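It should be emphasised that the depicted structure is a prediction, and the values quoted were computed from it without experimental measurement. The basis for the numbers below is simple: all heavy atoms, side chains too, and nothing from hydrogens, waters or symmetry mates.
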Amino acid sequence: SEVIAPEVSTPMSSIQKRQHGPLFLILFALPFLGGGLFTIGLTVRTLERASTMAHWPEAPATIIETELQEDHGDSTTYQVKARYRYEVDGLAHEGTRVGLHRGSDNIGSWHQDRYRELRAAQSDGQPVTCRINPADPTDAILYPEARTSMLLFYSLFGVIFGGVGVGAIWGSIYQRRKQRAAAEAPPDTPWVRRKDWAEGLVRASNHKQVIFFTGFAVFWNLVSWPALLANSRTIFAQGGLALLVLLFPVIGLGLAAWAVREILVMRRYGKAVFQMAAVPGVLGGRLAGLIRLPESARPEDG
């Protein structure tokens, strides 16, 4: 017997939407990719400047005034400010740059610690060390070292946003290829659009769960643990509800354990395959075939 399927017409607007879908996805991904690349470039630039400033000549500086500025917005941020005097070749200069990273933030207690140091030096009348740009004596800095917590924050931001952008662009390319394959497939044999459909194979799909859980666990732990370590002193000092932040790294450990479990399952059953007895399958018909298990999944007793 022969089954003749009725012709199905697809509205042109629906086809155009599917064709434009990958383009919209690329447009959505570009800001994320741009933000990620900008942040990664900023991190590299910061490391380069720190390496250059490490070779600037040193000179004693006298603290004239210092201040810890607080900004109470959605969260309290801090910025240490100072004015200091130093001499180069007998000429006096004043500097205001304290650290390599400009602006205020609340990542760790760097601003509070530097404020206490500079305040103590000002009160005791003790000089501090500054580094001076040999090409411009008016350019000086007190702490030219790159802050590890800030670099880690920038790197995570760049990796996350850049990863979203790259993933979205890759997804758009993959979707475009699927659309092209569907358009090229003969209308009377739609199952040849996919290689596994044409071969009548159903492979174990655990590897998709492994990729998802592993990626999500890595992302969660890369965000939660550095944030905890950078702000641990503040969190434990405040106590109370602030300690709820500890739940995030604990959840990260649970996600890591789940990812390891999925990896172990994939190692044992990842090559399992169901081979259909006939291709194509018939909707409403019987499904017959052979299940092939990898050697690692065979029971010891046979």
Side-chain angles (χ1 to χ4, degrees), residues 25 28-29 32-33 35-37 39-40 43-44 47 107-108 147-175 177-178 194-197 199-236 238-239 241-276 289-302:
L25 191 57
F28 169 80
F32 286 91
L33 181 61
L37 293 177
T39 308
I40 293 176
T43 304
V44 174
L47 291 173
I107 301 177
R147 295 164 53 188
T148 303
S149 57
M150 289 293 291
L151 293 179
L152 185 58
F153 175 77
Y154 289 152
S155 300
L156 287 176
F157 186 90
V159 169
I160 292 171
F161 272 70
V164 171
V166 172
I169 292 176
W170 178 87
S172 66
I173 296 174
Y174 176 75
Q175 184 68 20
R177 288 179 177 176
K178 286 182 61 178
R194 284 176 42 171
K195 182 180 179 182
D196 55 345
W197 288 359
E199 295 176 348
L201 297 179
V202 181
R203 293 182 173 85
S205 59
N206 175 257
H207 65 281
K208 297 180 181 179
Q209 299 179 26
V210 169
I211 294 174
F212 173 78
F213 281 109
T214 302
F216 190 71
V218 170
F219 164 75
W220 189 283
N221 283 280
L222 282 178
V223 172
S224 60
W225 281 101
L228 174 64
L229 295 177
N231 299 277
S232 58
R233 294 172 57 182
T234 304
I235 293 172
F236 287 105
Q238 293 179 354
L241 294 177
L243 296 177
L244 292 176
V245 177
L246 299 177
L247 290 176
F248 289 93
V250 172
I251 294 175
L253 293 177
L255 291 173
W258 190 273
V260 171
R261 175 190 177 278
E262 292 295 329
I263 292 174
L264 295 177
V265 171
M266 184 186 69
R267 290 185 60 183
R268 185 170 186 181
Y269 301 105
K271 295 182 180 180
V273 176
F274 174 70
Q275 177 71 54
M276 295 176 61
L290 179 66
I291 296 178
R292 298 177 179 175
L293 293 176
E295 192 68 29
S296 58
R298 299 181 183 275
E300 296 180 359
D301 57 359

(request) Mind running side chain to side chain contact (heavy atoms under 4.5 Å, CB included) on Gln275 and Leu201 for me, showing each step along the way? (result) CA-CA 5 Å; Gln275 177 71 54; Leu201 297 179; 2.6 Å; yes
(message) Measuring only between side-chain heavy atoms, which start at C-beta, is Trp225 closer than 4.5 Å to Phe248?
(response) no
(message) For a quick test of reading the model, state the closest non-hydrogen atom pair linking Gly165 to Ala29 and the distance between them.
(response) O-CB, 3.4 Å
(request) Working to the nearest 0.5 Å, report the span between CD of Glu262 and NE2 of His207. (result) 12.5 Å
(message) Return the CZ to CD distance between Arg268 and Glu295, rounded to the nearest 0.5 Å.
(response) 11.5 Å
(request) Report the distance from atom CZ of Arg261 to atom CE of Met266, rounding to the nearest 0.5 Å. (result) 13.0 Å
(request) For the pair Phe216 and Phe212, name the ring-plane relationship: parallel under 30°, tilted 30 to 60°, perpendicular over 60°. (result) parallel
(request) Taking all non-hydrogen atoms of both residues into account, name the closest pair between Asn221 and Ala256 and its distance. (result) ND2-CB, 4.3 Å
(message) I'd like to know if the side chain of Asp196 reaches the main chain of Val202, judged simply by a donor and an acceptor atom lying under 3.5 Å from each other, with no hydrogens or angles considered.
(response) no
(message) Rounded to the nearest 0.5 Å, what separates atom CG in Leu37 from atom CG in Leu33?
(response) 4.5 Å
(message) Looking at every heavy atom in both Gly270 and Ala204, which two are closest together, and how far apart are they?
(response) O-CB, 3.8 Å
(message) Would you compute the distance between atom NZ of Lys271 and atom CZ of Arg267 and round it to the nearest 0.5 angstrom?
(response) 11.0 Å
(request) Would you check if Ile263 and Thr214 make a side-chain contact, meaning some heavy-atom pair closer than 4.5 Å? (result) yes
(request) Any chance you could measure Met150, atom CE, to Thr43, atom OG1, to the nearest 0.5 Å? (result) 9.5 Å
(request) Would you name the heavy atoms of Ala272 and Leu293 that are closest together and state the gap between them? (result) CB-CD2, 3.9 Å
(message) Could you walk me through whether Leu290 and Phe274 satisfy the side chain to side chain contact (heavy atoms under 4.5 Å, CB included) test, starting with their C-alpha distance in whole Å, then the side-chain angles of each, then the deciding distance to 0.1 Å, before giving a yes or no?
(response) CA-CA 6 Å; Leu290 179 66; Phe274 174 70; over 6 Å; no
(request) Take the angle between the ring planes of Phe213 and Trp258 and call it parallel below 30°, perpendicular above 60°, tilted in between. (result) tilted
